[in-house]
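Remember, it's 1-based here, ligands and their atoms both numbered in the order they're listed.
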Amino acid sequence: MNTDNVDLLVRGAAKFTADLPLPAGGLHAMVAVSPHAHATFTHLETALAAAQPEVRAVLTAADIPGVNQISTMAHDELLLADGEVHCVGEPVALVVAASADAAWRAAQLVTADWVEQTAIVDARDAFASGDVLTPPRTFASGDVDTAWADCALVVTGCLNLGAQEHAYLETQSALAIPRDDGGLLVHSATQSPSATQRAVATVAGLPMNLVELQVARLGGGFGGKEEQATPWAALAALGAVATGRPIRVAPDRRDDMRITGKRHPYTADFRLGLDAEGSFVAYEATLLQNAGCTTDLSSAVLERSLFNATSAYTIPNVRITAASCRTNLPSNTAFRGFGAPQAIAVLESAIRAAARELGVPAMQLQERNLVSEGDVSYYGMPMTDVRARECWAELVARHDPAGLMVEAEAFNTSHPLVSRGVDVIPICFGIAFTARPLNQAEALVHVYADGTVSVATGAVEMGQGVDAKIQAATAHELGVAAELVHVEPTTTSRVANVSPTAASTGADLNGAAAIQACRVIRAGLDKIDPEGELEWAERVERALVERIGLSALAHYTTPGLTFSADTLTGRPFSYHVYGAAVVESTVDILRGTARIDRVGIVHDIGRSIDPRIDRGQVEGAVVQGIGWMTSEETRHDTTGRLITDSLATYKIPDLDSAPDVDVTLLQRESPGLLGSKAVGEPPLVYGLGALFAIRAAIETVRSDLSNDVVAPMTPERIFTLLHGPLDGGGGSDA
Ligand code: MTE
Ligand code: HPA
Ligand code: MOS
């Protein structure tokens with residue numbers, strides 16, 4: 001029987017949280033939300049909603065049996081608003097009804113005696129008024145202030161990056177089922193089973209051992225379900241506790257888009273200094289993150305921006321200051337790359353500005369300054385087994401980006417109305433949760449009497465193939481065929497206190513824990529068959545007779561992580577992932593439209609456990625990055641309401657717009673699972689090449705482009721850069 005996740009997905013047999021049948025007596029719930037970006041209120045008017053047919057209950061903050069608090073990091077996020085709302089879409093009440101439709105309709109009838117307050121939506125405005133969730137933090141090395149004097153060239157500029165909607169195929173969803181012992185079984189589409197379990201317990205007023213949280217699989221998370229699956233699970237739990245009935249909460253696409261947070265928009269100022277040979281001497285940047293209205297994961301995202309700010313380059317004098325700004329938007333959250341892509345875009349913008357100033361290809365400066373073996377990162381981590389130059393050389397050998405640039409130039413000379421642009425971008429991405437305590441995992445392995453194996457971890461399968469990698473690791477360590485190993489759905493009662501499946505560490509952490517557990521079982525089996533002469537099935541039979549344990553729970557911690565919060569130096573990461581990409585674009589000069597035609601990638605994967613999965617991850621990530629840089633634009637109206645609230649108005653890449661992506665996996669023995677490397681997030685950074693490839697195409701006709709970089713490069717923006725501002729052209733959020 002094929003129980004493989006991919007097989008289930010392809011056959012349409014895989015069940016998601018919203019596919020689970022609602023148990024008998026089950027009800028549906030939907031939130032009533034704030035219509036204002038910032039307002040206070042003293043009274044919620046719920047009577048009209050409660051009087052609607054099918055409506056069974058309307059619950060507010062006062063009905064929460066436990067504590068009205070769902071934030072993991074900062075304890076600044078209420079489940080239901082209490083006297084004040086901080087963004088459009090903030091939940092204020094929960095309507096429970098016999099049908100989802102009735103719950104949704106009644107939720108629209110909840111009102112309040114709103115008193116509107118000043119709302120801020122722009123990060124710079126928030127920063128200017130001192131409204132920060134994380135005050136400015138600075139990571140530095142060398143001495144930037146004196147280094148400017150040694151520079152032959154100093155360029156300055158700024159960058160404005162827009163948000164990004166996660167656009168997971170499966171929208172947020174939860175189902176809470178009351179148990180006879182007073183506890184709750186909660187099915188939740190979450191990347192963070194334990195954090196969600198904890199929030200449910202807090203809100204329901206239950207101890208954690210009476211809340212079991214299950215996640216079969218996700219239809220995509222991309223970071224959007226690391227922290228923001230929690231409210232939906234807690235709302236379902238609240239409804240279940242209040243009514244004693246199973247409760248399903250599953251917003252539709254539009255509500256999901258309106259209510260949940262996105263990738264953090266950043267606005268940044270940069271200054272890069274180079275010597276006469278083109279070596280980077282000094283780099284300074286200020287990063288302002290638009291966090292939205294609560295902390296969520298913003299401070300961790302900000303920290304990763306700081307860590308990744310020098311990307312794949314070694315720069316002796318660096319000072320990066322970053323602040324998380326509170327605005328009246330739904331709280332922004334984790335998104336593939338977790339703040340790194342934003343910070344990297346700032347430095348890459350600075351490099352393109354310097355190249356333009358010097359009249360040399362950016363490639364020349366990039367290659368010269370790539371991180372090399374033995375360099376020390378600007379946060380003090382000695383860089384070993386560095387593959388930046390190897391990936392770069394392999395990219396040059398396979399795709400000849402300099403040749404492509406020459407071809408593009410020739411093409412552009414003979415085509416005045418179409419312009420091609422080529423850009424190259426390297427990556428160097430640190431792997432580990434920057435929050436050290438999260439770098440641990442546990443696995444529970446059972447070998448059954450018939451020789452089949454089950455492995456349970458805290459990992460959540462969301463399409464990234466973590467289950468297949470855990471299966472491979474388990475099979476490898478036990479020396480059995482992969483078909484004998486079944487990866488269990490994730491539940492907090494099999495494995496507890498799990499880290500989110502995030503930071504690209506899912507396979508490294510949970511696969512290693514599975515290996516540890518297999519080692520315990522193998523040690524037992526070795527006692528009865530030290531020479532390894534018996535067939536697997538026979539060994540298992542003998543173990544049962546000899547009373548040898550065939551189950552093990554094991555714990556794994558990532559070794560060697562020693563970052564000091566006091567000195568801000570040390571080893572925050574287990575290793576780095578390298579790579580390089582070339583991105584080719586074509587811009588239609590009259591229309592202002594652009595296509596990304598082709599992407600060539602050389603990606604450092606280690607010993608790939610399954611090249612099909614890893615290629616899929618690289619391709620998906622780069623296309624997602626390209627979408628963020630080109631067509632994906634969020635817009636709010638003047639009242640702070642999201643206008644781009646459907647996939648008709650918010651445009652993600654599709655089969656037509658996605659480029660041809662040629663991926664070469666550079667396979668070298670590595671420190672990750674079975675000699676592999678983590679793959680989930682880093683390749684998204686290649687997508688930044690789309691921004692610069694389009695700018696390169698524009699530059700062939702507009703040599704006066706400024707150093708102020710804006711993304712996404714929508715047709716409207718390209719047109720404006722080519723032909724000047726349109727009368728009455730509306731600004732967007734970037
Ligand atoms: N791939 C698919 N198909 N769906 C997803 O939701 N999430 C990405 C990446 N790849 C995602 C994905 C993100 S944001 C992360 S952090 C990693 O997968 C998480 O899984 P891993 O740690 O097992 O790589
Ligand atoms: N990456 C992703 N998710 C996280 C991290 C991180 O570094 N820290 C906390 N959650
Ligand atoms: Mo990924 S943004 O760490 O879920």
Side-chain angles (χ1 to χ4, degrees), residues 5-6 9 72-74 164 166-170 189-192 194-195 215 217-229 261-264 295-308 332-342 429-439 441 457-470 473 487 490 498-512 558 561 563 572-574 577 605 609-610 613-625 672-673 676-685:
N5 188 54
V6 175
L9 290 170
T72 304
M73 288 184 54
Q164 187 175 22
H166 298 86
Y168 26 59
L169 281 177
E170 175 207 29
T190 178
Q191 291 175 240
S192 306
S194 291
V215 197
R217 62 173 58 73
L218 307 184
F222 306 112
K225 295 168 183 169
E226 182 175 343
E227 183 75 4
Q228 300 208 355
K262 327 245 167 272
R263 182 190 294 283
H264 295 82
T295 300
D296 190 280
L297 299 169
S298 296
S299 48
V301 170
L302 193 79
E303 190 166 67
R304 188 172 281 278
S305 298
L306 286 162
F307 278 118
N308 283 269
N332 289 316
T333 194
F335 197 133
R336 206 171 196 169
F338 209 73
Q342 291 95 322
F429 197 106
I431 299 298
F433 282 100
T434 55
R436 192 165 175 270
L438 294 177
N439 295 290
T457 72
V460 174
E461 175 58 53
M462 56 188 113
Q464 86 280 39
V466 71
D467 280 4
K469 291 182 178 181
I470 292 169
V487 181
T490 312
V498 309
S499 295
T501 301
S504 308
T505 60
D508 276 5
L509 289 174
N510 295 285
T558 310
L561 302 178
F563 188 74
F573 298 118
S574 183
V577 169
I605 197 71
I609 296 172
D610 186 335
I613 292 174
D614 291 333
R615 271 176 204 286
Q617 284 293 294
V618 176
E619 289 171 6
V622 67
V623 169
Q624 200 163 31
L673 185 65
S676 72
K677 279 194 176 181
V679 66
E681 296 169 284
L684 184 129
V685 176

Query raised in the report: Going by distance only, is there an N or O of Ser504 that falls short of 3.5 Å from an N or O of ligand 3?
Result: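 No; the residue has no nitrogen or oxygen that sits under 3.5 Å from a nitrogen or oxygen of the ligand.
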Requested in this report: Could you tell me whether some N/O pair between Gly337 and ligand 3 is separated by less than 3.5 angstrom?
Outcome: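 No; the residue has no nitrogen or oxygen that sits under 3.5 Å from a nitrogen or oxygen of the ligand.
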Requested in this report: Any chance you could lay out the side-chain contact (heavy atoms from CB on, under 4.5 Å) test for Phe429 and Arg304, step after step, and finish with the verdict?
Outcome: CA-CA 10 Å; Phe429 197 106; Arg304 188 172 281 278; 3.5 Å; yes
For [atom], what is the closest protein heavy atom, and at what distance to 0.1 Å?
| atom | value |
| --- | --- |
| atom 4 (N) of ligand 1 | Met462 O, 2.9 Å |
| atom 8 (N) of ligand 2 | Phe433 CD2, 3.7 Å |
| atom 18 (O) of ligand 1 | Gln464 CB, 3.8 Å |
| atom 22 (O) of ligand 1 | Gly506 N, 2.7 Å |
| atom 9 (C) of ligand 1 | Gln617 OE1, 3.6 Å |
| atom 4 (O) of ligand 3 | Gln191 NE2, 2.8 Å |
| atom 3 (O) of ligand 3 | Ala503 N, 2.7 Å |
| atom 8 (C) of ligand 1 | Arg336 NE, 3.8 Å |
| atom 15 (C) of ligand 1 | Glu681 CG, 4.0 Å |
| atom 1 (Mo) of ligand 3 | Glu681 OE2, 3.6 Å |
| atom 7 (O) of ligand 2 | Arg304 NH2, 3.2 Å |
| atom 6 (C) of ligand 2 | Phe338 CE2, 3.4 Å |
| atom 9 (C) of ligand 2 | Leu438 CD1, 3.6 Å |
| atom 5 (C) of ligand 1 | Phe222 CE2, 3.2 Å |

Within a strict 4.5 Å, meaning less than it, do heavy atoms of the [X] and [Y] side chains meet?
| X | Y | result |
| --- | --- | --- |
| Asp296 | Asn332 | no |
| Asp508 | Thr558 | no |
| Ile470 | Glu461 | no |
| Gln617 | Ile605 | no |
| Val679 | Val618 | yes |
| Lys262 | Gln164 | no |

Report, in ascending order of atom number, the atoms of ligand 3 lying under 4.0 Å from any heavy atom of [X].
| X | value |
| --- | --- |
| Phe335 | 2 (S) |
| Gly223 | 2 (S), 4 (O) |
| Glu226 | 3 (O), 4 (O) |

Report task. Examine the proximity of ligand 3 to Arg336 and report which part, side chain or backbone, both or neither, has a heavy atom under 4.0 Å away. Result ->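 Looking at Arg336 and ligand 3, just backbone atoms fall under 4.0 Å.
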Just jot down the ligand 1 atoms closer than 4.0 angstrom to any heavy atom of [X], in number order.
| X | answer |
| --- | --- |
| Gly223 | 14 (S) |
| Val466 | 23 (O) |
| Gly221 | 5 (C), 6 (O) |
| Ala503 | 16 (S) |
| Ser504 | 16 (S), 22 (O), 24 (O) |
| Gly463 | 2 (C), 3 (N) |
| Gly220 | 6 (O) |

Query - Sub-4.0 Å heavy-atom contact, Leu297 with ligand 2 - result: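 The answer is no: ligand 2 sits nowhere under 4.0 Å from a heavy atom of Leu297.
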Report task. Give the contacting part of Val679 toward ligand 1: side chain, backbone, both or neither, where contact means a heavy-atom distance below 4.0 Å. Result ->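 The answer is neither; Val679 stays 4.0 Å or more away.
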Would you compute the distance between atom [atom1] of [X] and atom [atom2] of [Y] and round it to the nearest 0.5 angstrom?
| X | Y | atom1 | atom2 | value |
| --- | --- | --- | --- | --- |
| Gln464 | Leu218 | CD | CG | 8.5 Å |
| Arg263 | Gln624 | CZ | CD | 7.5 Å |
| Thr490 | Gln191 | OG1 | CD | 11.5 Å |
| Thr333 | Glu226 | OG1 | CD | 7.0 Å |
| Phe338 | Phe433 | CZ | CZ | 8.0 Å |

Report task. Say whether Gln342 and Ser305, considering side chains only, have a donor N or O and an acceptor N or O under 3.5 Å apart. Result ->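 Side-chain D/A pair, Gln342 to Ser305: absent.
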Query - Residues Thr72 and Glu227: side-chain donor-acceptor under 3.5 angstrom - result: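 Thr72 vs Glu227: donor-acceptor pair found between side chains.
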Query raised in the report: Can you list the atoms of ligand 2 that are under 4.0 Å from a heavy atom of Thr434?
Result: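 Ligand 2 atoms under the 4.0 Å threshold to Thr434: 7 (O).
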Query raised in the report: Pick one: which of Asn439, Leu561, Thr434 meets side-chain contact (heavy atoms from CB on, under 4.5 Å) with Phe573?
Result: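 Of all the options given, the one that passes is Thr434.
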Report task. Could you check His166, Glu170, Met462 and say which one makes a side-chain contact (heavy atoms from CB on, under 4.5 Å) with Lys225? Result ->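 For Lys225, the side-chain contact (heavy atoms from CB on, under 4.5 Å) test succeeds with only one of His166, Glu170, Met462, which is Glu170.
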Query raised in the report: Going by distance only, is there an N or O of Glu681 that falls short of 3.5 Å from an N or O of ligand 2?
Result: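 No; every N/O pair is 3.5 Å or more apart.
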Query raised in the report: What orientation do Phe335 and Phe222 show, parallel under 30°, tilted 30 to 60°, or perpendicular over 60°?
Result: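 Judged by the thresholds at 30° and 60°, the geometry between Phe335 and Phe222 is parallel.
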**Report entry** Minimum-distance pair of heavy atoms, taken over all atoms of Ala334 and Leu297
**Finding:**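 Smallest interatomic distance, heavy atoms only, reads CB-CD1, 3.8 Å.
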**Report entry** Side chain, backbone, both or neither: the part of Glu226 lying under 4.0 Å from ligand 2 by heavy atom
**Finding:**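 Within the 4.0 Å criterion, Glu226 contacts ligand 2 through side-chain atoms alone.
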